[in-house]
Every structure is written in structure tokens, then in C-alpha cells.
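Below is one structure, written out as C-alpha cells; comments come after it.
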2 protein chains.
Amino acid sequence: MNVHLDPFDPFDRDFESIEAIADTISQILQCPVTIEDSNHRLLAYSTHAPDTDPVRIATIIGRRVPEHVISMLWREGIIEQIMGSQVPVIIEPIDSIGLNRRIAVAIRHHQDILGYIWVMDEHQGIDEQGLDDLNKASHAARGKLLQVQTQRRRREEQSFEFFWGMLTGSMDSEHRIVDRAHQLGITLPKSYRIMIIEFDTLLNEKLYEQVLYTIHTAQRHRKVLHVRQEQRLLVLIDATDEDMDGHIAAWMLLMERMQQRFGVKPIHLTSGLSYSLYMDVVKSYQEAITVMNMKKHLPEEMRHLHRYEELGWYRFLPTMMQERRARPMKHLSLSKLKEYDKEHQSGLVSTLSIFLQADCNVKRAAEMLHIHSNTLMYRLKRITDIGGIDLNDMEQKISLYLELKMDQWQS
Amino acid sequence: MNVHLDPFDPFDRDFESIEAIADTISQILQCPVTIEDSNHRLLAYSTHAPDTDPVRIATIIGRRVPEHVISMLWREGIIEQIMGSQVPVIIEPIDSIGLNRRIAVAIRHHQDILGYIWVMDEHQGIDEQGLDDLNKASHAARGKLLQVQTQRRRREEQSFEFFWGMLTGSMDSEHRIVDRAHQLGITLPKSYRIMIIEFDTLLNEKLYEQVLYTIHTAQRHRKVLHVRQEQRLLVLIDATDEDMDGHIAAWMLLMERMQQRFGVKPIHLTSGLSYSLYMDVVKSYQEAITVMNMKKHLPEEMRHLHRYEELGWYRFLPTMMQERRARPMKHLSLSKLKEYDKEHQSGLVSTLSIFLQADCNVKRAAEMLHIHSNTLMYRLKRITDIGGIDLNDMEQKISLYLELKMDQWQS
DNA sequence: ATCCGCTTTGTGAAATTACACAAGGCGGAT
DNA sequence: ATCCGCCTTGTGTAATTTCACAAAGCGGAT
């Protein structure tokens, strides 16, 4: 049912806009068309569409492809197929999400994917010639998308600079920050936090793109600003609603997805406190860093914690460590035990540590150590004898506990 | 047996030195003579002494009156008698300390006592005329002693300035400090500490003199430098031997004596760590201040502690408080308990505090609280319910313990 | 007065824990 | 090989702790 009869290439001309390209494709193929950027954000869609499916409606309304659709397309391997193919790909309908039959082609520039053209082809009216036209259209769209991309890149550069300025505390006043945000067209939330996502490898250009792709396609989270730093991604997120537990959980899920799709593995995810003054970005950032360090030094204790406010008394550890470094004083009892341990390979210190962690419950501690409780009793007696420790004295136990935690941090 | 026959006053002339005065008195009275300053330090003694007692020998050898002699003289009220009397005072022999009969007169300038003249009068050979001569001698000595005093005052001024410079960290290098000490004739010990003695009243000129008198007459302690500051006396003491426990104990005793003699009551006595570099005076001073603050905020816990190294984990408290003030985050469980306490006047928080201090031993804590142990059990159940606290979790208990200590500090 | 929730104290049974003692393993020194 | 100090495990008993329940006091509300 195609209506082009002459060998003349309808896409060999300058289009004034991406919308014009979409409309042209739609006219030629007589099908609804949408054009997206690389993050599945809507760039243009054909008007006068004869009929359209729920997914297309949702995409146009939300100005991006719905998250669950992207998820499904990934799960079915369709996105990878499109990204890997130089020619249009036919996608069979997926009724469960209301997706009709369509044809998709990637818009590329060398290796990079700039976006996608989607054509709804419910009645399978597109023939070989149509696919060829679509291919030509994708070439024609490249120029326009490159423009969009460079524009976005420029804006991103500026936002990076702005964000770094806040992170390093080099912005000198609150209203300067707000003004600058306004200038850049960034709407700052009432309340925010700084979040750090650390990966197991250096975030090179490609990985970075992939990470951002994952984040961008999940519209659930409002990520206002972000910047990359070696193995880390620093993000300023909206903290206005303050269902932070759910918030973090959602991000964790996102990280999981990232690993599934690209094999990029975020190892840690931490966040500072929430603030409303943007002069406090430095503070929130420092807090996130503190949590990050804590996770590295005390992985066991920090296993399920991500936010600074969850640290409990551990938030005092860094400053305590500082104090200890400034005035190194060895704990008399502990150093005696350590000495004994060194001479007799006898793990009294670790026994003590676990005993304390088990709330001084002999039974529990013995189980944790996989030893008989009388063995533990014996060791405890040795500990009290050698170290001159009274295990019925809270003061001493606190002292030991803190000291042990600090030792653990340093090792 | 006196040998002056003419009414001519032998003390109505200029003496070239204090020794000359001592010799002149000795010649006239035919007795051994010693002249001391107000702190019982030897200034001069007559030569050609016919006979002399153990105390005099010890005084001359040690260049000061032995401590136990001064103690005895105070105990017998003799020093006070001499200080209060305008005329020579006869002191009967005290055999237990080897003190023969002697006559003493204070050298005074207006109200101030500049020193003392002591005359050994074993054979009671001094008559009215002799006492009168002694009086005249004391007037004659005044000028010389004033010279000595002003000299000492000048040197003290300089040492104050020097010490303050170190305390405030305004000395810029180690060798500058050592040079300056050399210049002032101060021999700095290899290792030192800063000690703070705080009194219950402002240290006015008079009290200050009395305090110094007590310290000076106790030669046991080597006090190198000192300076007064409102209610405090700051002292740099020799820490080379490092029998600090005994050292502090001795100072405590000294303080006791001070109270007995003058009613000046030192309330706190604290010391920083010992250092050997004199650039570290600031540190030791800061540490002493820290201990002082600690004693004020947590008197119970610090009752028997004086030195920074005895603080144990408490040395982290100030920096923890700082952190807490920087980021005020209320402890969820504790604030619930506090709220409940406020509504029901039910001391759950204090119960918890004591329970923790009693090492979570129900029996012990119940005794401390003067309640039945089941009452405590009941309250503990309420605490776990209301505060959502698991009292079998060391982490939580540590958190609570630290938080409670910080609360206590702030209140 | 009466009720009700909160608290304290007392009692006794059940569970847990501490402790003394015995037996044996392990490794280094003689 | 033998001894010895150090460590581990097992057993049984004594002591302690925990817990459920009863009784009753107290203060505020109805």
C-alpha cells in the first residue's frame, strides 16, 4: 500500500525539524511514527495518526517510553537486537503490555546510537521498499539528532560545572546558586540529598553512558544533577517526599538492572543527610563520603546501611579516629592481650571482640565462634587474667568495644 | 655575754651584701645566724659558727629549710607567730626534728614579709639588748631583701611571659624556646606536663602568694614554670621520672596543706600528657583543660581521675559532642522514652542509664535504684516496648550509652 | 465512690548460666 | 620418650536469672 512510485529519495533533503522527519516517514509508510533519543525520550511523533496503541499513547503523554515497556523490551532482547542491527527490526506484538506490531531502526553515528525511529505497523503493510525507506530516514535523522545531542552535551557540561561548584563549596552564596540553577533551566527541589554510587571499575565514557541510560529510563527517580568522578557517580536527588527507605531500595533495584543489562556493577551506594539550603551540598556530600568510607572499613557492620542517618553511633568513628591518631595511646589491657596473642597464636582479642558483639552472652558467642561454651569461659578467664579486664564493668567494655572497632577500621 | 658596750647602732650603715648582715649579727650576738626569704629559701648564713644543729646543717646543704621542719613549725603555730609579731620570737627547742632553741624575727616591708632572720641561741645568751639588736638588724636587712625581691619579681615577670608564650602557642620554634629558657636561667626538664590547679575563688595577689608559698616550701615537686589565670594556676612540672600516680598524689596532699594553712581550697587538679618537645606545651595544656571540663561535666565519672591518659574512652567525648552539635540528630528510641517520661513522670531514661552502668545486671541495678528487681524488670520491659529497644543488642546499648553520656554532659 | 491504667512488690517454678572438676589433645622443651 | 603448660570438651551441680502471675497501691477520670 506504499505510495511512492518514483526512485526519487524523499529523505535526501534538509528537514527543518525532527517532527518534519517523523511526518514524512508517516506519510510515506502510512503508519504512526515516533522518534526517540538514545534514552527513549520522545523527540518527535507523527500527527494525523490513523490509529495507535496504548504504549504509543503513554509514550506521547509521558514524553518518554514507559519504564515497564523498556524493561520488557530488554528482557526480550529486543533493545539489544535493535542496537546491534544496521537495518530495521520487526517487533512482533506483545499483548501483555499493549504493544502492537512495530518496526524499529536505530539512528547511529559511527558506533554511537543517537536514537530510534519506531513505526507502528499493525497490519503488516510495510514491504522491503518501506524498510529501505526507513533506513534512509534514519540516516536523514542523524544530522538533527546530532544537533540535539551536542546541545544536550553543552547543557550537561554546564550542569557538571555547576554541580562541582556546589560539591566543592566554591559557590559563595545561596542566592547565587539558585540564580545559576534558574539560568541553566534546572529546577532545584525544596529538599535534596547527595548520593554516591561507586562502581567496581573506572567509569569510562561508555559505561557512563550505560549507567545514565539506566537511570534515565527509570523515571521513578528524580535525579536533578549528576557528575562522574573516576569510579563514582555523584547524584543530587530530590528528598522532598522523604520516603527514603523506599527511595534507596528503588535505586538498589536500578543498580541491579544495570548489572543485568550491561554487567556494570555498582558496589556501594550511599547518601548524606537531606538539606534544603544549597550551601549545604558540601555537607551532604561529605556525609555520603563518610558512609562510603565506613562501608569499606566496616563492611559487616554497614552491610544494610546506606544513609548517613542510619550510621548510629558509628558517625562518631571518623572523628574518634582523628583524635586517636593525634594522640596515640595504647589501651593497656588490649595491648597485653595482643602481645599474648602474638606469642601464643591464641586469638584472645578476636574472642573478646565476638564476645562483646554477642552482648556478652556466653552461649551466643560460643556458637558464633563454633566452640564449646566452656572453652569460651576458659578463654574469658584468660582474658580477664592477662588483660586485667573486668568483664562485669560496662565502662571497660565500652572502652574495649570502641577500641576494637577503631582497630578494625584501621586494619 | 654580749660584747657591745657603746650606744652606737652597728646596723645603721650600708651593707655590701646580705651575708655581711648575717655575719654582723653573728658577731654581735655570738650565735650562728641564717637569713631566709619569705619562702624559707636560704639567702645567707653566718660563717665561723661555733656550733650548729642538724636543722641548720640541712638548711645550708639544701639551700632551704627542710620541708618537714616547716611543716612542724606550722603545726606548732610558730610560723604564724613570727609572721604576726613585730618583735623577735623565741622558739623553744624541738628535739624530735633536731631543732635547737632559736630566736626568729620577720623582715617586713609594710604588711609584706620579705624574709626571716634566725638566730641559734642554744645557751640562752641573748638578752633584751640582743633582741633589740636583732630587731634593728631586721630593719637593716629590709633594703637588701627588697632588692632581692624586685629582682626575683622581674625574673618572674619574664618567666610568666615566657610561659604564656608557650601555652598560647605563640613561640614559633623549638630552639627559640630552648634559647629563651637558657637566657632566663630556666633549666627545662627532658619531659614535662602541664598541670592546672583550679581554686574555688579568684586567685588574688595574697592568695597567689600563699599558694606559691606552699608549693615553694615543698621541695619534693619540681615546678619549673607557673602562671596564674583567674581561678587557676597553670604549672609546668617535671615529668621525667614518670611516677605520675605518686606525683599527683603528692600534689593533692600539698593542696590539702594549702587548705589547712590558708583556707584556700583547690577544687580540681588536672594534667595533660607528658611531652618532651616544648612546642607541645599547647597540646598538654589543651589536654589538661579537657580533663578539667570533663571533671565539671561528669563529676561522678571523673571523681578519681586527674590525668589525660586516665580518661579512657572519655577522651573522645568532646570531639563527639562537636560532631553532635554540628549535625543534631535525635536518637529515635531515646526521644520516645524522654517523651514518655515527660508525660508520665516516669524516669525510664534514668532507669535505663543506671541499668547500663550496672552492666545490665538486673540485681545490681535494682539495688542501685533502691527498687525491687521485678520492678526493674517491669520497667525494662516498658523501655523495650516504648523505645523499641532490644537490650540484648550490644550495638544498641553502645549507642544508648554514648548518647546518654552526651546528654549528661550537656545538662 | 468506682473504674481503669500504670506501677510496685512478692512468690515460686522454669530456664539459664556459672563453675568446679575430669579427661584428653597438642606442641615445644628436655 | 616424657614432661609440662596450654587449650578444648564434657559432665554435673549450684547459683542465678527470667518469667508468669497474683496482689495491691496510686492517681486521674467518670
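Fair warning: this is a prediction, and the values are worked out from it, not measured in the lab. Note that these values count all heavy atoms, side chains included, but never hydrogens, waters or copies made by symmetry. Throughout, a chain's letter reflects where its sequence line sits, starting with A, and its residues are numbered from 1.
Applying the side-chain hydrogen bond (donor to acceptor under 3.5 Å, both in side chains) rule to B:S274 yields the partners B:E242; only residues at least two apart in sequence or on another chain are considered. Listed by chain and residue number, nothing satisfies the salt bridge (Lys or Arg N to Asp or Glu O under 4.0 Å) test with A:E230 (two or more places apart in sequence, or in another chain). Under the ring-ring contact (aromatic ring centres under 6.0 Å, His included) criterion, B:Y340 pairs with B:H344, sequence neighbours left out.
At most 12 non-hydrogen atoms from other residues, nucleotides or ligands lie less than 6.0 angstrom from CD of B:E339. For B:M252, the CE atom counts as loosely surrounded, since its 6.0 Å shell holds 12 or fewer non-hydrogen atoms of other residues, nucleotides or ligands.
Within the structure, every pair that satisfies the ring-ring contact (aromatic ring centres under 6.0 Å, His included) test and touches residues 377-411 of chain B, not counting sequence neighbours, is listed here: B:H297-B:W409. For the salt bridge (charged side-chain N to carboxylate O under 4.0 Å, His left out) condition, the pairs that include at least one residue of residues 308-323 of chain B, sequence neighbours left out, are B:R193-B:E309, B:R307-B:E309, B:R307-B:E310, B:E323-B:R327. Each side-chain hydrogen bond (donor to acceptor under 3.5 Å, both in side chains) pair with one or both residues in residues 275-284 of chain A, not counting sequence neighbours, appears once here: A:Y275-A:E287. Among residue pairs with one or both ends in residues 311-331 of chain A, none qualify as ring-ring contact (aromatic ring centres under 6.0 Å, His included); sequence neighbours excluded. For residues 351-367 of chain A, the side-chain hydrogen bond (donor to acceptor under 3.5 Å, both in side chains) pairs, not counting sequence neighbours, are A:T351-A:R379, A:D359-B:K397.
Base pairing in DNA chain D yields stems of at least 3 consecutive Watson-Crick or G-U pairs, both distances under 3.5 Å, namely C:1-30 with D:1-30.
Using a cut-off of 4.0 Å between Lys/Arg side-chain N and Asp/Glu carboxylate O, B:K336 and B:D385 are scored as not salt-bridged. Under 4.0 Å is where a charged nitrogen must lie from a carboxylate oxygen, and between A:E198 and A:K296 at least one such pair does.
From the 5' end on, the contacts that DNA chain C makes with chain B at under 4.0 Å to a non-hydrogen atom open and close at C:dC6 to C:dT11.
For DNA chain D, the residues of residues 344-367 of chain B within the heavy-atom distance limit of 4.0 Å (strictly under) are B:N361, B:V362, B:K363, sorted by number. Contacts between residues 372-386 of chain B and DNA chain D, defined by a heavy-atom separation below 4.0 Å, involve B:N374, B:M377, B:K381, listed by number.
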